[in-house]
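Since this is a predicted model, take the numbers as computed values, not measurements.
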Amino acid sequence: MSHKIVWALLASLCLHGCGNSSESVAPPPPPAASAPPNSSAPAVATAPAGAPTMPPPGAPSGPIPSPSASPSGAGANSLSEQIKAAIAAPRPTGGTVDRMKRIGDALFQFELANKHLPALDASGQPNSPQGLSWRVYLLPQLGETLLFQQFKLNEPWDSPHNSQLIERMPPVYGSNPAGMTRIHVFTGPGAPFQNGIGPKLREFEDGLGNSLMLVEAAESTETPWTQPTGLIFNPENAAAALGDIGNDFLGLTGDNKIKRIPANASYLSNLITNKDHQLIPGEFHDEKLIVRETGKRNFVDPLPPANTSKLDWKYTPADTKMILSIQTRKIIESPFVQSSIKSAARPGENVNDVLRRASSAPGGADVQMNAIEEIRMTSDLNFGGGMDFLQHRGELPDGLTTVRMRSSIPFDLVYLLDEFKKGATPPQFEEIQGVPTVLIAPLTSMAFLSDREYVIARTATLKDLIAKRESETTGVAAITAHQGAPDRTITLTADLSGIDLNARMTEMGPAGGMVKNFLPGLMQTNTMQLVVDLMAPQTLELIATIRDASQSGSTATALNGFIAQGKQAALAQMSQLPASNPTASLQKKFTEEFFASLNASGEGDRVLVRLNRLPSMDELPPLVGPAVELANRRQMSRPGAPLAPIDEPSEIEFAENPLMPVAAGLIAYNAANGYLPKPNNSGERTDKNTSLSWRVHLLPFIGEADLYAQFKMDERWDSKHNKTLIEEMPAIFGDSPEGKTRVHVILLRNAIFSNNALVSLAAIKDPLDERLLLIEAGEEKSDFWTKPGGLLFDQKDVKKCLGTPDDPELGYLAVHADATPFFIPAEIAAGELTDLLQVTLDKDAMKKLTAPGAPRGAGAPPSGGRPGDLQPAGPPGSGMPSGLMVPGANSGSRPAPSMRPALQ
């Protein structure tokens, strides 16, 4: 089956927005002057050419009325007017924060693909053509590939050809119809962006959180978006380049946070440079400076009752050979999917909160997924080279004849039609026999049957279907098979009677040849039905009606042989899973149930393959959320940056992560004493011995009070007596018979652990889920567990500090200061590790902690106590999470490195 069908389905789901939007469409500003800024304007680095004159704006302004609920016929004129207004409306830009976030994501995706950022005037690769802005080279990452392909990269931005594209500025750069933008990067000596060669994130030595990537400057700095310009950096007066910006401006830092930065900030020059090694003051890291998008797209909750009737068979071409229908809302509302979505919820979220978050994700399509009642696609099975959907946005590929969609709520016309404005042919309205229609590509149109339903087809086909819309298509074998199929959430039927399946299998190569040779009965298939429903007693049923009934039994026998071979291969693969993998038993159980239930049979002229619902399916939903979350973190993690933390580690992750009991012990220590231990002593004012590790002082908080009592606290770690205790190392620090551990803290000035500083978790102003507490270093960094100190941070050689991870693909196992586990990439840059380590402390809180007479050494848990004994929470402000439970704090054996798939 052609991959184009799958692409069309994804395009329908992901590109055709439905649902309402609360973001108003801003009226276009007056035409901007096309000449470069005058001499009184802030300094802007420009290419040696003036901007071409821009045409006046042609789109009307104002909000779009809510779509009419009327179908074609009564009230259709109202719907037609709204469609016209949506076509003429400016492309929705979203809020400034949303737009800057999208640009930030695109920058990081660009570096992920190219190993560097774009240069000011080029792609950033050596010897690449110069003359076009970095904004142009970012287009593919912004979903504007077609626009990017229209540029002549070997010509300057103001060439006769390229200058025509200025007025087609994507909304992410602003709404000025003349193509002028205020989104800038800084350039000049000391600034990261220069002509020719693109910078690399690894070169941001000050740390991404301390470096400014781009800004939205004053209106006086507007310049054509394709012009390779930047704000000229003046270290003596950095704010001058921003223009008359007022009291503050929006800036995007390298860690993809939007901050409202004071224009008179003394540290502004330090933010713009990325290698001056100057510590940015703590006030810059105040959460109050972070700006988040406040206007979220509407999410209808609760939804109106679903239309339980199936789509009729009007608008179905008579040459239809295959039909695929998906009841999306029914699938999402099924208990299995609801449980799976719930497993992806963040603390305090319900299922609809997760769907709302997905629906209004920055840069995502405005689709309320649970409102789509049915998607139906038809095909004539004439797949060929034909039209490329990507090159001709909106064009149906050969073989796909119609796409029909119905929603429970009105489509948002502005967002729905905006997707087709990215194509080479702007959408054009046409009313065909009373049905409002939009030409969305040269050969394809979209007809609105109501404000909740549309059908897409080649324009000539659609006109014919509209003319016959009063009667349903009948007498088509694929439709008859579809109507006769069981009522399931996914149904695919095909009429293969006129298809030369032998030839099709030959075209598929070796795999097709095997099917042709071993399943000859299927080469004479008349019709096929495939129905899937995760909640039905029969999850899957495939029915092939063949011409030679005598071959149904032998065909079923051959299929069962293939199933047996598949089972053998799958179970062999399951046997390779380490026993420590917490999901191994469930995977094996699911595999065995799957192949035990899957079977083929021959009944008359039909060959049937059935799969009954598996009992273990009910155990899968809790695993879906963490798996999806980790997949998203892996996909979206920026190069060189740590994976985003898991919002709420599962019990399996929490229990099996070998660092978690140690982290819990540190947090419990902080809760009991008001501060963390120092790397070389307890932190208690009266503790003069600086020759015992922080791990020793942690013993009473990890269930090892008896071992703690055996140490002589006034002697060195390697004294004659204390040396005898090295081999008694608790299992949570490792399993080395020599008493060596890979569990370390990293020492750095202004970090949680430094050579002699006292730190309280409550005094840290930075988000604890963004700061490193512990790490498991490489094997070569193993050291005696009682030895004081930690890993000395080496900015010139991170590997020298951390050693080599067991799994370079995963990186180093680590824990944040809020006890959330994550992995640090093996190739993390020094600046990014600095971001993880350095903290901003509340000076008043630290003064109280270190003041003479301040309470110090509040105590430890009773003998044999564990972190859990301090439940339900530590003292207010202690930094100890409420309800922290740590299984396995004194389990007696440390999980082996192979346990790590619990976090994969």
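- In this structure, Ile166 and Trp157 have side chains that are in contact, with non-hydrogen atoms separated by less than 4.5 Å.
- In this structure, the side chains of Leu165 and Thr226 stay at 4.5 Å or more apart for every pair of heavy atoms.
- Within the model, atoms OH of Tyr267 and CD1 of Ile272 stand 12.0 Å from one another, a figure rounded to the nearest 0.5 Å.
- A 4.5 Å side-chain heavy-atom check between Leu252 and Glu216 finds every atom pair outside the cut-off.
- Scanning for side chain to side chain contact (heavy atoms under 4.5 Å, CB included) contacts around Ala826 gives Pro805, with sequence neighbours left out.
- By the 6.0 Å contact criterion, CG on Asp797 is enclosed, its count of non-hydrogen atoms from other residues, nucleotides or ligands being greater than 12.
- Look at Arg168 and Glu144 and you find no salt bridge, because none of the NZ, NE, NH1 or NH2 atoms lies under 4.0 Å from a carboxylate O.
- With a 4.5 Å cut-off on side-chain heavy atoms, Asn670 and Ser760 count as touching.
- By the 6.0 Å contact criterion, CG on Asn237 is enclosed, its count of non-hydrogen atoms from other residues, nucleotides or ligands being greater than 12.
- In the displayed structure, Lys200 atom NZ is contacted under 6.0 Å by at most 12 heavy atoms of other residues, nucleotides or ligands.
- Atom OG of Ser269 and atom CG of Asn234 lie 7.5 Å apart (nearest 0.5 Å).
- Heavy atoms of other residues, nucleotides or ligands lying less than 6.0 angstrom from NZ of Lys115 number 12 at most.
- With sequence neighbours excluded, the residues forming a side chain to side chain donor-acceptor pair (under 3.5 Å) with Ser123 are Ser128, listed by chain and number.
- Panel note: side chain Glu167, backbone Gln164; no donor-acceptor pair is recorded below 3.5 Å.
- Note that the CG atom of Leu250 and the CZ atom of Arg99 stand 9.5 Å from one another [nearest 0.5 Å].
- Remark: Lys259 qualifies as a cation-pi partner of Phe284 under the 6.0 Å distance and 45° angle criteria applied to the six-membered ring.
- Put simply, OH on Tyr137 and CG on Leu142 are 15.0 Å apart, with the number rounded to the nearest 0.5 Å.
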- Task: Dump the intermediate steps for side chain to side chain donor-acceptor pair (under 3.5 Å) on Glu155 and Asn162, then the final yes or no.
- Result: CA-CA 7 Å; Glu155 294 184 5; Asn162 286 341; 4.5 Å; no

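- Closest heavy-atom contact between Met180 and Met169: O-CE, 3.4 Å.
- With hydrogens and angles ignored, the 3.5 Å screen pairs no side-chain donor or acceptor of Asp158 with any backbone N or O of Ser163.
- For the 3.5 Å distance criterion, the side chains of Arg771 and Gln838 fail to qualify, holding no donor opposite an acceptor.
- Distance OH/Tyr173 to CE/Met100: 12.0 Å, rounded to 0.5 Å.
- Using a 4.5 Å heavy-atom cutoff, the side chains of Leu138 and Arg135 are not in contact.
- In this structure, the separation between OG on Ser211 and NZ on Lys275 is 10.5 Å, given to the nearest 0.5 Å.
- A heavy-atom distance below 4.5 Å is found between the side chains of Val215 and Phe186.
- Between Trp694 and Asn680 there is no side-chain heavy-atom pair separated by less than 4.5 Å.
- Each of Leu772, Leu666, Leu747, Ile764 was scored for a side-chain contact (heavy atoms from CB on, under 4.5 Å) with Ile752, with one residue passing: Ile764.
- A heavy-atom distance below 4.5 Å is found between the side chains of Thr221 and His184.
- Summarising the local packing, CD of Glu219 is surrounded by 12 or fewer heavy atoms from other residues, nucleotides or ligands at distances under 6.0 Å.
- When the side chain to side chain donor-acceptor pair (under 3.5 Å) test is applied to Thr834, no partner is found at least two apart in sequence or on another chain.
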